[in-house]
Amino acid sequence: MTDAAQVFTFESTDGPLAYRDVGTGPPLVLLHGGFTDHRMWDDLVPLLAVGHRVIAPDARGHGRSANATKPFRPTDDLAALLRHLGTGPAVLVGMSMGGATAVDTTLEHPDLVRALVVSGAGIADPQDTDAWTMDIQNSWNGTLAAGDIDGWVDIFASAVAGPHRTLDEVDPEVVRRVREMARGTISKHTPDEPDRSVPVTDIPARAKSITVPVLAINGALDAAGLIAMADRLVDAVADGRTATVEGAAHYANMEQPYVFTKFLLEWLSRLPA
């Protein structure tokens, strides 16, 4: 559980953004997945804060951070926070949506990035989206359009298992935590609320310019299309590596926090000073 004393707020140009900040040492920024919040990293933070300053923000519209009232780019929110804190270049560790923000920040604000870690994210290719992911997304959209929050939370939680297991095969505490975070975030929004996020463009072409080290930590049981996104990024950059967490799907950092941390710390130890 997050220590409330470690959670702060940054007054952005469009409302307060929340972030956890603990430890001392080289900055390590943990970026959560869509509809969750910084608490998805709770199991890793105590391990990583031994020797690092760990910063785990709530993205705009998620967790304790303000909703958007005007167009915004998540990468610019992150850059504003890191500049406010005087941290950087930092190692960015992003899961799913957070991984996309980490990639965007490496391209848009390269002075803030020392190295890049993604999990279940990377370079998207619409032609490579698998049927399971498409079915989940269609089900999400249907329940949201109907205003069925309970149904949406059920579908969101079911995705924790991935395409190769049933939900009964997943640690129920992980599922409970994901449900809690997802319900908290979705309850901040209304069905008719516009999506004010502005995407960063030309990622596939621009990714080849990334020169910082890149690590992809994939759950072995994640959807094929999501693993392919991470692999595509690793293949595009000059210094890319991959690690696989067995027995875990999209939420590898929550299902196997010690394995995820081991891969991350071993890789961090080899980074240039």
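For reference, positions follow the sequence shown, starting with 1. Heavy-atom basis, side chains included; hydrogens, waters and symmetry copies ignored.
At a threshold of 4.5 Å between non-hydrogen side-chain atoms, the residues M97 and P74 do not count as touching. Two residues are said to be in side-chain contact when any heavy atoms from C-beta on lie closer than 4.5 Å; D21 and R53 meet this criterion. You'll find the side chain of T36 stays beyond 4.5 Å of the side chain of T185, heavy atoms only. Between P204 and D125 the shortest side-chain heavy-atom distance does not fall below 4.5 Å. In this structure the side chain of W41 reaches within 4.5 angstrom of the side chain of H32, judged on heavy atoms. Looking only at side-chain heavy atoms (C-beta outward), V113 and I210 stay at 4.5 Å or farther from each other. Two residues are said to be in side-chain contact when any heavy atoms from C-beta on lie closer than 4.5 Å; P110 and V212 fail this criterion.
Across all non-hydrogen atoms, the minimal contact from R73 to V198 is CG-O, 3.4 Å. Here the shortest heavy-atom pairing between A249 and A161 reads CB-O, 3.7 Å. In terms of heavy atoms, W132 sits closest to A223 at CE3-CB, 3.7 Å. Here the shortest heavy-atom pairing between R165 and G247 reads NH1-O, 3.6 Å. When every heavy atom of E108 is checked against every heavy atom of T75, the shortest pair comes out as CB-OG1, 4.2 Å. The heavy-atom pair separating V175 from A157 by the smallest distance is CG1-CB, 4.1 Å.
In this structure, CG on L81 lies 11.0 Å from CG on D58, to the nearest 0.5 angstrom. Distance check, rounded to the nearest 0.5 Å: CG of L82 to CG of L112 gives 5.5 Å. With values rounded to the nearest 0.5 angstrom, R39 atom CZ is found 9.5 Å from M254 atom CE. Atom CD1 in I203 sits 8.0 Å away from atom CD1 in I123 (nearest 0.5 Å). Rounded to the nearest 0.5 angstrom, N141 CG and W152 CH2 are separated by 11.0 Å. Interatomic distance, L17 CG to D77 CG, rounded to the nearest 0.5 Å: 5.0 Å.
N218 places no side-chain N or O within 3.5 Å of a backbone atom of T242 that could act as its donor or acceptor partner. Not one N or O on the side chain of R20 forms a donor-acceptor pair closer than 3.5 Å with the backbone of V45. With hydrogens and angles ignored, the 3.5 Å screen pairs a side-chain donor or acceptor of H62 with a backbone N or O of F35. For T244 (side chain) and A220 (main-chain N/O), no donor-acceptor pair under 3.5 Å exists by modelled atom type. In this structure, R196 contributes its side chain and A68 its backbone to a donor-acceptor pair below 3.5 Å. Using a distance-only test at 3.5 Å, with no hydrogens or angles considered, a donor-acceptor pair links the side chain of H189 to the main chain of G61.
Judged purely by distance below 3.5 Å, without hydrogens or angles, the side chains of D195 and S197 pair a donor atom with an acceptor atom.
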message = As a quick check of understanding, evaluate side chain to side chain donor-acceptor pair (under 3.5 Å) for T166 and D168, giving each step before the final call.
response = CA-CA 5 Å; T166 66; D168 291 338; 4.7 Å; no
inquiry  = Please evaluate residues S96 and L226 with respect to the criterion side-chain contact (heavy atoms from CB on, under 4.5 Å), reporting the C-alpha separation (whole Å), side-chain torsions for both, the decisive distance (0.1 Å), and the verdict.
reply    = CA-CA 8 Å; S96 196; L226 299 176; 6.0 Å; no
inquiry  = With side-chain contact (heavy atoms from CB on, under 4.5 Å) as the criterion, how do F156 and R183 come out once you've worked through the C-alpha distance, each side chain's angles and the decisive distance to 0.1 Å?
reply    = CA-CA 9 Å; F156 190 91; R183 182 177 292 279; over 6 Å; no
query = What's the verdict on side-chain contact (heavy atoms from CB on, under 4.5 Å) for D76 and H109, showing C-alpha distance, side-chain angles and the deciding distance?
reply = CA-CA 8 Å; D76 297 333; H109 304 281; 2.9 Å; yes
inquiry  = Run R64 and T9 through side-chain contact (heavy atoms from CB on, under 4.5 Å) and show every step you take.
reply    = CA-CA 9 Å; R64 303 185 194 183; T9 56; over 6 Å; no
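For the pairing with E255, the side chain to side chain contact (heavy atoms under 4.5 Å, CB included) check across V170, D171, D43 returns one residue only, V170. Screening V22, L28, V91 for a side chain to side chain contact (heavy atoms under 4.5 Å, CB included) with L48, the sole residue that qualifies is L28.
Hydrophobic clustering (side-chain heavy atoms under 4.5 Å, transitive across Ile, Leu, Val, Met, Phe, Trp, Tyr) keeps L31 apart from M229. Residues V54 and V117 fall within the same hydrophobic cluster, defined by Ile, Leu, Val, Met, Phe, Trp and Tyr side chains chained together at heavy-atom separations under 4.5 Å. No chain of hydrophobic side-chain contacts below 4.5 Å, direct or via other Ile, Leu, Val, Met, Phe, Trp or Tyr residues, connects L47 to L30. Hydrophobic clustering of Ile, Leu, Val, Met, Phe, Trp and Tyr side chains at less than 4.5 Å, counting indirect connections, unites M181 with L44. No single ILVMFWY cluster, assembled from side-chain heavy atoms under 4.5 Å apart, contains both Y19 and V93.
Electrostatic pairing of R83 and D111 counts as a salt bridge here, judged by a charged N lying under 4.0 Å from a carboxylate O. A salt bridge between E180 and R177 is absent, with no side-chain N of the basic residue lying under 4.0 Å from a carboxylate O of the acidic one.
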Kindly list each side-chain donor-acceptor pair under 3.5 angstrom involving residues 260-273, sequence neighbours excluded, with atom names and distances?
{"residue": "T261", "atom": "OG1", "partner": "P257", "partner atom": "O", "Å": "2.7"}
{"residue": "K262", "atom": "NZ", "partner": "E266", "partner atom": "OE2", "Å": "3.0"}
{"residue": "S269", "atom": "OG", "partner": "E266", "partner atom": "O", "Å": "2.6"}

